[in-house]
Structure formats: C-alpha cells, structure tokens
Novice: 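Below: one structure in structure tokens.
In what follows, chains carry the letters A, B, and so on, assigned in the order in which the sequence lines appear, proteins first and then strands, with residues in each chain numbered from 1.
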Amino acid sequence: MASGPVARVLVDSPLPQLDQLLDYRVPARLADAVSAGVRVRVPLRTGGRIADAWVVELAGRSEFRGELSEVQDVVTDVPLLMPDVWRLARAAADRGAGNASDILRLAIPGRYVRAEKAWRADPGEPGALPASGRAIDGYEPGRVERGLAEGERMALHADPRTVRLPSGTWVGAWAVTLAEAAAHVLAHDRSSVIGVPDYRDQEQLQAALGELVDPRRVIRTDARQSGRDRYRAFLDATGEAARIVVGNRSTVYAPAARLGLIAVFDDGDGLQSEPLAPGVHARDAALIRQEQSDAALVFIAQTRSVEVQRLVEVGWVHDVPLRRGTRPRVVLTEQQPAPESGGARIPSAAWREAQEAIAQGPVLVQVARPGHAPMLVCDRCREPARCTACGGALAVPRSGGPASCVLCGTSANGWRCRICEGTRLRAAVVGASRTAEELGRAFPRSRVVVSDGERPLVRVDAEPKLVVATRGAEPIADGGYRSVLLLDGERMLLRESLRVAEDCLRWWSNAAALAAPGAPVFLVGVGGAIGTALATWTQPAWAAEELASRRALRFPPAVRMASVVSSRERLAEGLERIRGIGGVDVLGPAPVDDGLERAVVRFGYAQGAEVAAALKAEAIRAATERRRPVAGRRPGRPPTLRVRMDDPDLP
DNA sequence: AGCACGCCGACT
DNA sequence: GTCGGCGTGCTC
C-alpha cells in the first residue's frame with residue numbers, strides 16, 4: 001500500500017481486461033496539473049509502453065498491494081471528463097458488456113491545442129438567460145412544464161406539421177416543441193442535451209432555438225464540424241453556464257452544467273443506434289443518464305417506437321398526447337396505375353390530385369432506396385418466411401446451401417407457412433424503384449428535384465416542383481407539400497428484418513408530417529393494420545399491437561437479446577455459465593463468416609445486468625486465457641468472444 | 001495489444 | 001554450460 005497523492009485512472013484501451021481503475025502515484029512536478037477528469041499519460045507494464053488514460057478520481061492512498069508507477073505526463077490540465085459523464089459512461093458500458101473507454105471515445109472529442117488556447121484566452125460570454133420560457137404549445141396546458149420541473153420521463157407525440165418561424169424559416173413542429181422545452185429549462189438556469197438523428201434535424205432545431213434563446217447558449221456538436229470546432233464546442237459545454245447542447249446520438253453523453261432535460265428526437269431512426277462498440281443506443285444512454293440525475297427525459301417522434309411503447313406500458317415513461325387534433329389527411333389507394341402516369345405507375349386518383357397540387361406548390365414523392373437484398377417468402381401467399389422453431393427470418397446462406405434461420409440456424413426443411421400452410425419457399429422478386437426520370441415523365445411540365453441518401457436536401461422553397469426523395473431523405477418544404485405520394489410501400493415492406501413494418505410506418509409518418517394542412521397523402525398499395533395506423537394517425541396503438549406480437553414470439557423489445565460470436569468450442573464453454581442464469585435461453589449457434597459461429601442469448605430485462613456482467617467476464621477470459629492445447633491443432637491466438645448486447649442486426 | 005518472464009532444444 | 005524458441009500471463 002502506498003500513500004501520498006494517487007490518481008485512479010482508466011486506461012484508454014479497448015481490452016476488456018483493462019476496463020478497471022488502476023492506481024498511479026502523482027509526482028510532485030505534476031501535482032498542480034493532475035485533477036479529476038484530466039487526460040494523462042501513464043506507463044503500462046514496467047516501462048513497456050505509455051498509454052493515454054483518464055483520471056477518474058484522486059485519492060490519498062492506494063489499496064493496490066504492489067509498487068505503484070508514476071503518472072508520466074499530463075496531456076492538458078483542463079478537466080474534460082466530468083464526474084456525471086464518468087458515471088454515465090461506466091453504466092452504459094456495463095449495460096452493453098463493453099469498455100468504459102469506448103464510451104468515452106464517443107463522449108469526448110480529440111484535443112486541438114489551438115482551440116484550447118483560444119478558449120482559455122477567451123471562454124466567451126454565454127449570454128443572458130431567457131426571462132421565462134414560453135408556454136409549451138400543443139399539449140394540455142402546463143403538462144410538459146410540470147414534467148420538466150419534476151424530472152419526469154415523457155413520450156411526446158409530435159405535432160405532425162411544419163410551422164413558419166418568425167424569421168421566415170419553416171421547421172417541423174417537433175423542433176419548436178423541443179426548443180420551447182429547452183428554453184423553459186434554460187429559464188431555470190439548467191442545461192439540456194438533445195440528440196437528433198441527422199444534421200438536417202439539427203438545422204431545424206437550431207433555427208427554432210434561435211427564436212427563443214441567446215444563440216450563445218446553444219452549443220452544436222456536429223459530425224460535419226471540423227475537429228477544432230467540435231473541441232471548442234465541447235469545451236464550452238464543460239463550463240459553469242447552463243446551455244442547450246444539440247447534436248447527434250453521442251450528444252447524450254455531453255457535459256452539461258445542472259442538467260435539466262435529456263431529449264431524443266425520433267428514437268426509432270437507425271441513426272440513433274450507435275454502431276461503435278459497445279453499441280449502446282442513444283435511447284438507452286438517455287434512460288441511464290436520466291436515472292442518474294434529476295433531469296427530465298423527453299422522447300418525441302411522429303411515430304412510436306416499439307421500445308418506447310414498452311416503456312410506456314410498464315409505466316416507466318409517461319404518454320403525453322397532443323391536445324390539438326391536427327393530423328395529415330392520409331388516403332389509402334390500390335396499386336392501379338393511371339395509364340397517363342406512364343412508367344411511373346401512379347394510381348389515377350393520386351396522379352390526378354398531384355397534377356392539380358403541383359400547380360400550387362411542391363409535391364413530394366417518396367420512393368424506396370434502390371437495391372434491397374431479396375428475401376424468402378411463401379410461394380403461395382407471399383408472406384415473408386419465418387423459422388418454425390424460433391420465428392427468425394429465413395435466408396439462403398451467403399456460402400450457399402439450403403435455406404435456414406438467420407437467428408438459430410435451423411434448416412428450413414419441413415417449413416410450413418403460418419398463414420396459408422404452404423410448404424414452398426421462393427425468393428421475393430422486388431421490382432425496381434421508380435426513377436426520377438420516370439416520375440418526371442408523369443409530370444412533364446414540372447421541375448424535378450432529387451433528394452437521396454447521398455445528397456439529401458434540407459429544404460425546398462414553396463415554388464411548384466416535384467421532389468423525389470428516398471425514404472428518410474425528404475426535405476422540409478416551405479409552406480408544406482401540396483401533396484405527398486408514398487409509392488414504394490409494398491417494396492419497402494419486403495425486407496428480412498423484424499423492424500420493417502415499424503420502419504415503414506416511421507418513414508411514412510415522417511413524410512406525411514411534411515404535408516401542408518389538408519394536403520392529401522397517398523399511401524399506395526399498402527392496406528391492413530399498418531395502412532390503417534397511418535390513415536388514422538394511431539401509431540402508438542399500432543406499436544402496442546406490434547409489441548404484443550413480439551411478446552408472443554419472445555422477440556425484442558419484449559425481451560432482450562445479445563449476440564455472441566466466437567469459435568464453436570469457445571461459445572460452448574463461454575455460454576455454459578450464461579445458461580445457468582434463470583430465464584435465459586440460447587439460440588444457435590449458427591455459422592457466420594471466417595469459420596466463426598454466432599449464438600443469440602435471450603433474456604429478460606431483470607436479468608440484463610447479470611447477463612451483461614457474465615458475458616463481459618467471458619470476454620475477459622477469452623482475451624486473457626489461452627485455450628487448452630488441443631491435439632493436432634496449431635497453437636496460436638484463439639478467437640476472442642465478441643459480445644453485442646441488443647444487437648440491432650438481429651432480425 | 002505488447003511485452004516480459006520462463007522453461008526446454010541446438011549451439012559456440 | 002547458455003542462447004533464444006515461443007507459450008503464458010499481466011498491465012496499478
């Protein structure tokens with residue numbers, strides 16, 4: 001045991017076995033510079049190498065029974081890791097069976113010396129607080145304000161329309177709601193962090209905030225910013241002044257003085273799912289942070305994700321409906337192309353209305369993205385084929401061979417359709433998406449503007465034009481679209497993912513919310529419950545139905561699932577302990593690439609912490625312990641155990 | 001990941 | 001005798 005100033009640090013390493021606090025002596029020469037939250041350099045393994053590390057806390061003595069090494073250097077004496085962000089990172093990593101340092105890499109941007117110098121020289125004036133927040137409009141008066149004051153968790157229905165700000169900019173009404181909520185919180189000298197899917201949403205939110213608060217109070221952390229600007233924005237957020245931090249999914253981890261609101265817009269959008277290890281979804285990070293603080297939590301979207309619906313049903317999050325009953329005018333139409341629409345194959349009614357609408361202003365046409373992977377459907381009724389053992393999607397393995405379940409690997413031999421009892425499978429033939437040229441021919445005298453995943457437009461003006469957008473890339477239109485055509489619905493629904501229907505309802509709802517008041521929104525070729533949900537604007541009820549059916553299948557989010565990838569032997573060994581936990585079952589393993597196999601661990605929310613801890617322990621074992629020598633096998637590094645909790649790629 | 005430690009085969 | 005081979009284990 002050592003005494004004297006000791007820094008407890010987290011080494012910046014992806015190795016699971018290093019995901020713990022290590023103690024280092026603080027030499028006298030660094031005593032002034034080392035404080036909790038600063039980045040330091042420490043020797044690892046008797047002078048072997050130098051690693052970056054975060055000082056999590058300082059202590060007077062160490063419990064470590066050995067000689068301590070010394071902190072070698074301080075990268076900067078500016079504390080960047082705030083205590084509450086550390087707690088959040090630790091908990092998020094634990095939930096995802098991953099490393100806290102991986103979370104911190106998302107949470108804290110790289111250092112830029114010049115930006116830091118400039119900030120030190122002039123940290124800037126944050127500007128005045130708003131006198132008092134404006135009433136949050138559209139809901140029961142005072143309802144949202146009360147929730148904000150009490151640190152409530154709320155699921156807000158977004159008002160499905162666009163609104164004109166006093167500055168003349170048009171934004172989604174959701175952006176005004178979030179701006180009003182953040183301004184309300186700021187008026188009480190507290191901060192907000194708001195995560196939105198992409199920069200086009202940020203633009204809207206920033207415009208809405210610009211009407212209500214001093215722009216210096218708004219901090220934007222944007223993937224398109226230069227590293228220098230991002231670091232400067234981060235430094236501003238570490239200050240004592242209450243701010244509104246706006247950005248993408250990792251904004252949930254932003255430092256914020258006296259946090260009063262955590263908000264997530266459109267949590268069902270795939271961009272809110274973190275692809276980097278340990279893959280903690282922004283929604284889950286927000287839930288963790290809210291629980292660790294006394295801040296309020298707001299989920300707001302045009303639709304209801306099945307995950308948030310579950311939270312509402314268990315009473316953890318409170319449903320806050322709109323008071324005003326505005327909703328898009330949705331028309332369900334059969335797929336019977338008008339001959340005049342030529343190659344564009346647009347139904348007559350929709351085509352006629354769109355022809356008239358386009359004289360008045362912009363008309364939106366939503367199409368699918370080109371090139372989806374084909375999936376297996378029932379040859380007789382075209383219902384997507386699901387595994388008879390576990391309900392997972394069936395597919396033909398990339399390596400060839402007979403169709404099998406992508407989840408549990410069960411062969412599709414003896415498959416029988418659950419709808420029509422058919423026994424033959426076929427690959428669904430998905431028609432090509434309509435092109436801008438085809439659509440242009442259907443509207444010969446109109447300008448055509450394209451917005452797609454590669455070059456998405458933020459907005460279009462109110463002039464007449466045909467706006468062809470792939471789903472999710474629809475620009476906002478000044479004054480709203482005079483008509484909206486949702487064309488590729490049938491095709492969009494043909495994807496071998498558990499979430500297709502939910503995604504489609506979200507894409508359609510988001511597009512419908514861009515329509516001008518009273519403008520028709522045509523959903524072409526899709527009926528059934530999902531069409532009705534759009535037409536009656538009852539997405540939460542649809543999400544409740546969807547959740548019920550996933551409960552019957554024991555699929556997320558009714559339960560949780562983790563994927564575990566390793567060699568067959570390693571999986572057998574590693575999952576032995578996991579199986580012992582009550583309420584846990586294991587699907588598979590099924591082969592994936594490189595001769596590795598993937599098992600799926602299924603468990604309840606109550607077992608989440610235990611399963612995550614057990615899987616993390618197995619990952620450490622796999623990373624540190626050599627496999628017992630097997631006769632006839634070359635020695636070498638055996639495969640590690642890759643764990644992904646709540647893997648979004650699981651169908 | 002790296003890197004040091006350590007216990008068996010061919011060597012000046 | 002001992003140099004170094006790679007298997008093994010640890011990182012305050």
Novice: Between C/dT11 atom C1' and A/I50 atom CD1, what is the distance in whole Å?
Specialist: 12 Å
Novice: Once side-chain contact (heavy atoms from CB on, under 4.5 Å) is applied, do any residues pair with A/R190, and if so which ones, sequence neighbours excluded?
Specialist: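 For A/R190, the residues satisfying side-chain contact (heavy atoms from CB on, under 4.5 Å) (neighbours in sequence not counted) are A/V185, A/R258, A/D294.
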Novice: Which residues pass the salt bridge (charged side-chain N to carboxylate O under 4.0 Å, His left out) test with A/E502, not counting sequence neighbours?
Specialist: A/R499, A/R550
Novice: Residues in salt bridge (charged side-chain N to carboxylate O under 4.0 Å, His left out) with A/E618, at least two apart?
Specialist: A/R577, A/R621
Novice: Rounded to the nearest angstrom, tell me the gap between atom CZ in A/R41 and atom C1' in C/dC12.
Specialist: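 It is 17 Å, rounded to the nearest whole Å.
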Novice: Applying side-chain contact (heavy atoms from CB on, under 4.5 Å), can you list everything that pairs with A/P197, at least two apart in sequence or on another chain?
Specialist: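 Listed in chain order: A/D201, A/F265, A/D266, A/D269, A/L271, A/Q272.
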Novice: Nearest-Å distance, CG (A/D102) to P (B/dA1)?
Specialist: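 A/D102 atom CG is separated from B/dA1 atom P by 13 Å.
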Novice: Taking CG from A/L44 and C1' from B/dA4, how many angstroms apart are they, rounded to a whole number?
Specialist: 13 Å
Novice: Contacts to DNA chain B from residues 7-22 of chain A, heavy-atom cutoff under 4.0 Å, which residues?
Specialist: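 Of all residues in residues 7-22 of chain A, the ones placing a heavy atom under 4.0 Å from DNA chain B are A/L15, A/Q17.
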Novice: Would A/D23 and A/R61 pass as an ion pair if we require N to O under 4.0 Å?
Specialist: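 Salt bridge: no.
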Novice: For the pair made of CD in A/Q72 and C1' in C/dT11, what is the distance, rounded to whole Å?
Specialist: 15 Å
Novice: What is the distance, rounded to the nearest whole Å, between atom CG of A/L58 and atom P of C/dC12?
Specialist: 18 Å
Novice: How many whole angstroms separate atom CZ of A/R49 from atom P of C/dC10?
Specialist: 16 Å
Novice: What pairs with A/Q202 under side chain to side chain donor-acceptor pair (under 3.5 Å), at least two apart in sequence or on another chain?
Specialist: A/R220
